[in-house]
Amino acid sequence: MGQPSMNTLKVTLPESADSQALPQGNIKMSARDVKVFYGASEALHGINMDIYENEVVAFIGPSGCGKSTFLRCLNRMNDTIDSARVTGKVTLDDQDIYDPSLDVVQLRAQVGMVFQKPNPFPKSIFENIAYGPRLHGLVDNKTDLEEIVESSLRRAGLWNEVKDRLDAPGTGLSGGQQQRLCIARAIAVSPEVILMDEPCSALDPIATTIIEELIDELKGSYTIAIVTHNMQQAARVSDRTAFFHLGNLVELSATREIFTNPQDTRTEDYITGRFG
Amino acid sequence: MKTTNMMPEDQLDLAQKRDRMQQRVKASLKRRHAQEKRFKGMGMAAVVTALAFVTLLFFTILSKGLPAFWQATLTLQVYFDPEVIRIDPKPEKRSDESEGAFQQRYLAWQTQLGFVNFNRIILDSLAREIPEAPEYQRDALRLVTSGERFALRGLVEKDPSIIGQTLTLDLLADANVDVWMKGNIDRNLPDAQQQLSARTRAWVDELQARGVIKSKFSTALFMNPDSRSSLASAGLAGAFMGSLMMMLIVMFLAVPVGVASAIYLEEFAPKNKLTDLIEVNINNLAAVPSIVFGLLGASVFILWFKMPLSAPLVGGLVLSLMTLPTVIIATRSTLKAIPPSIRQAALGIGASKVQSVFHHVLPLAIPGILTGAILGVAQALGETAPLLLIGMSSFVASVPATPFEQSTALPVQIYLWQGNELRNFFEARTSAAIIVLLALMITLNALAIWLRKKFETRW
C-alpha cells in the first residue's frame, strides 16, 4: 500500500489549533522516566512529558496503551490500586508529587479529576458541589459556600438548568448534565490542573459538544489533560496531542502537527484508522 | 463483492439452504417452548409447595397456641379475713432510723406475712360458691392454682389496708381444671387416670355452668416466670428478659465489632496472605455448628473467666461470637457492592481514604449493614444449642434483673415446656411460646425491611 494522502483524514481542525500559536509558557507539570508496574508487568515504559500552563493536552492511543494509566499518575490515583507501583518523577510546579512528605490530599485539591462515567455523589446537586470546599475548609459561612456552588455551576454551564432544583439529587440529571456536575464539582475546589479520563465516552453527541465547548472555556483558567478515544475530539479541543502506544509515548506535538504531519509511522497508522 | 457476481444456480442453492434452516428453527421452537413451560411449571409448583408448608406450619402453631392465651379463671369474692391475716402494721421508715435497721424490721414483717395461711382465705372464698368445700379441703384447693396464694400475699404486702375488705378477684384455675374444661383430656377415662378427683371435676362443671369459672384472657403467660409447682401460672417473663438481655449484648457487641472489622478488612487492610487467611477463617467460622460456640463459652467464659452459670451475660457473649462472622460477611458484601466510582469521586476531589469511606461509602452501605445485623441478631435470638451448654436450660423461677443472674431464653423455654410431663396442658403453652418467639422474629425482620427502605438511596 502506498502513502495515504492527507485528504483521507476525516479530522477537521479548527483554525486556532495552529502550531505557531502554541502556549509555550511555564511548565505546569512534568514527568520524567515514569514507569508503572501492575504487579510484575510493566504498563508504562518510561514516559517523559511536559505540560504547560493553561494548555489542553490530549492523550490518544489504542485501548490498553497506557494513556489512562499515565493520566492517573498525575494525581496519584494509581495509589488506590494495590498492585500498582509508580517509579520516576512527576512534578507539579517543580514540586515532586511522589515526595513522601507531600500529602496526597493536597495534591488532589490542586489536580482535580473527571472520570469516564459521570459519578455524582448520590446526594443533592448543592451537596455535590459543596462537598469539596467544605472538606478542605475553603469557606467560613453559608453565603460563601452558596457563592462557590453558584460560580462553579455557572462555569460548568449548568447553573441555568439546575438553579431551581439545587436540592434535587445529582443522580437524577441526564448523563451530560451529570458530567458537567462532576466538572463543576472538580472546579469548586479551584484546582490548577484538571485531568479528564474520556469524559465524553458515555455521552451522546450533543452532550459531548457542550462538554467540548466547556473545555474550551475552561482552558483560560486551568491546565487540562484529557484522555480520549475520539480523534476528532482531540483535534477539536486540544492544543497539543500525545500519542501513546503499548506503554510508550510515541509522539507529542501540536495537535495540527500530529494530525497533518505525523513523524512516526505508528501515529500515522493510528490516526488514519489502520489500527486501533 | 461476492454477492454481485453470484451465479443463478448458487442463488437457488442458497434459497433452499435458507428454507431448510427456517424449517429446522421452526421444528426446534416447539421443543424450546415446552422446555420453558416445564421449567416455569416446576418453579410454580415449588413455590406453591413451600407456601403450603408455611401455611400448614402457621395454622398448626396458631390453632394449638392461641387457646393457651385464654385460661380457666375463677371470679371469687375474696374476704381478707383479719382473723387469718394477723400481722403487725406495715413498717414505715422513721426519720431517726438507719436504712439497715428499717430493712431488718421490714424483713421481719415480711416473714410474719409469710406465715399467714392464704390457703385458708382461698378456701373461705370458695366456700361462698361451694358450701361443702371446707369439708373437702384437698379437692377444693385443687381448683385454684397454687401460685395464687402468693399473688394474694403480694396484694396484702403492697397495700395492707385491704385486710378486712372483700374484693372481687380473678384467680387462675389449676392447669388440670383448664385441661378438663378445654376437653384436652378424655372425660370418659376412669378416676385412676384422671388428674382431678371426681368431686373436683363435678365442681368445675357446676361452676362453669354458673359462670363462676370462665375462660379468660390471661396475662400470666407474659407476666410470670416459669413455675413447676403452679403450672397454670407458668409464664415466659423470665425467658423473655433473658433473651432480651442477650439480644442487647449481641447488638452492642457483635454489631459494632463486626461492622468495624468488615470496614477495616474491606476498605483499609492490605490484600495479602494474612488477610486472605483471615477471610477464609471468617467464612469457616460462619459455618461452625453453633453448639461448638457453646462449648467454647463453657470452657472460656465459665471455666477460665469464672463467669456465672446460666447468666444472660455469658449467653450474650457466646451468641455474639456466633453472630460476628454473619455480621462481618453481610457488611463486607454490602461494601463490595458499592460502586468504586463513588470512592474514586471522593478521592479525586481530595478526600482522604477515611473520609471517602465514612462520607460516601458507609451512608450507602447502611441499609445493607442494618439488614445483615438484624438478621444476625434474629438468628441469635432463635439459637438454642449453645445455650444448653452454658447452663441456660435449667429451670429458673425468677425474672432476671441483671445479666449476671440466672435466666433462661425463649427458645430454651420452648424446649423445656415441650418436655413437661403435663402434656395436655403444655402442648398449647409450648405453641403459645413459639407464637411469641415468631412474633419477635417477624418484628425484627420487619424492622430490618423498614430500616432498609428508610435509608435506601436511589440512584
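Just so it is clear, the model here is predicted, and its values are computed rather than measured. Note that these values count all heavy atoms, side chains included, but never hydrogens, waters or copies made by symmetry. In what follows, every chain begins at residue 1, and chains take the letters A, B, ... in the order their sequences are listed.
- When the shell of 6.0 Å around CG of A:Asp94 is examined, it contains 12 or fewer heavy atoms from other residues, nucleotides or ligands.
- Residue B:Phe252 places its CZ atom among 12 or fewer non-hydrogen atoms of other residues, nucleotides or ligands, all under 6.0 Å distant.
- Side-chain contact check for B:Pro340 versus A:Thr80: every heavy-atom pair is 4.5 Å or farther apart.
- A:Arg72 places a side-chain heavy atom less than 4.5 Å from the side chain of B:Gln344.
- Residues of residues 345-361 of chain B having a heavy atom under 4.5 Å from any heavy atom of chain A, listed by number: B:Ala345, B:Ala346, B:Leu347, B:Gly348, B:Ile349, B:Gly350, B:Ala351, B:Ser352, B:Gln355, B:His359, B:His360.
- Between the side chain of A:Asn119 and the backbone N or O of B:Ser341 there is at least one donor-acceptor pair closer than 3.5 Å.
- Annotation: B:Phe268, atom CZ; neighbour count of heavy atoms from other residues, nucleotides and ligands within 6.0 Å is above 12.
- Enclosure of atom CE in B:Met44 is not indicated, since only 12 or fewer non-hydrogen atoms of other residues, nucleotides or ligands lie within 6.0 angstrom.
- Proximity to chain B (any heavy atom under 4.5 Å) is shown, for A:Arg134, by neither the backbone nor the side chain.
- When each of A:Lys117, A:His136, A:Arg76, A:Met113 is scored by its heavy-atom pairs under 4.5 Å with chain B, the top score falls to A:His136.
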